[in-house]
Amino acid sequence: MYEGYVPMEYDGYLKRMSKSGEWGDHVTLQAAADSYGVKILVITSFKDTCYIEILPKNQKSNRVIHLSFWAEVHYNSIYPQGDFLPCDDFKKKKKKWSFSWNKH
């Protein structure tokens with residue numbers, strides 16, 4: 001299902017991605033969203049695409065994974081400090097959020 005979206009021979013891509021410490025990409029994020037059935041929201045440092053929503057093929061949960069992406073450098077997981085809010089509540093809030101950063 002993802003083979004057409006990788007820039008190399010698919011078996012080689014799978015072998016490379018199975019190694020510990022290998023960097024993920026948009027294809028692996030889509031595969032994770034599909035596998036776990038959760039939405040992934042990515043906040044980026046790109047001016048023209050500062051927010052990317054990755055939707056699973058079949059949503060199994062209302063939980064949302066939040067990530068930041070620093071242009072061509074690194075992904076980080078992010079989450080609001082305190083109690084985690086479902087995605088719908090997160091969008092309704094009008095205040096600024098204080099985020100904690102976990103390097104991965």
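Here the structure is a predicted model, which means the values were calculated and not measured. Values below: all heavy atoms of this structure, side chains included; hydrogens, waters and symmetry mates excluded.
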* **Contact summary for Leu41 and Lys39, nearest pair of heavy atoms** => CD2-CD, 3.7 Å

* Structure fact -> Between Pro56 and Ala33 the two heavy atoms that sit nearest each other are CB-O, 3.1 Å

* Shared hydrophobic cluster for Val27 and Tyr75 (ILVMFWY, side-chain gaps under 4.5 Å) -> no

* How long is the gap from CG on Leu14 to CD on Glu9, to the nearest 0.5 Å? -> 8.5 Å

* To do: Spell out, yes or no, whether Met1 and Met8 are grouped together once hydrophobic residues are joined by side-chain heavy atoms under 4.5 Å, including indirect joins.
  => yes

* Asked: Hey, what do you get for OH (Tyr36) to CZ (Arg63), rounding to the nearest 0.5 Å?
  -> 12.0 Å

* To do: To the nearest 0.5 Å, tell me how far Ile43 CD1 sits from Leu67 CG.
  => 9.0 Å

* Passes side chain to side chain contact (heavy atoms under 4.5 Å, CB included), Leu29 versus Ile52? Steps please. -> CA-CA 11 Å; Leu29 289 176; Ile52 300 168; over 6 Å; no

* NZ-OG distance between Lys57 and Ser35, expressed to the nearest 0.5 angstrom -> 13.0 Å

* To do: Might you work through the side chain to side chain contact (heavy atoms under 4.5 Å, CB included) test for Tyr2 and Tyr10, ending with a clear yes or no?
  => CA-CA 9 Å; Tyr2 308 105; Tyr10 195 61; 3.8 Å; yes

* Cluster partners of Leu55, using ILVMFWY side-chain heavy atoms under 4.5 angstrom, listed by chain and number? -> none

* To do: Determine whether Phe46 and Ile54 fall in the same hydrophobic cluster, where Ile, Leu, Val, Met, Phe, Trp and Tyr are linked whenever their side-chain heavy atoms lie under 4.5 Å apart.
  => yes

* Compare every heavy atom of Ser61 with every heavy atom of Gln59, then report the nearest pair and how far apart it is. => NE2-O, 2.9 Å

* Contact list for residues 18-38, test salt bridge (charged side-chain N to carboxylate O under 4.0 Å, His left out), sequence neighbours left out -> Arg16-Glu22

* **For Ser45, all residues meeting side-chain contact (heavy atoms from CB on, under 4.5 Å), sequence neighbours excluded** => Trp70, Ala71

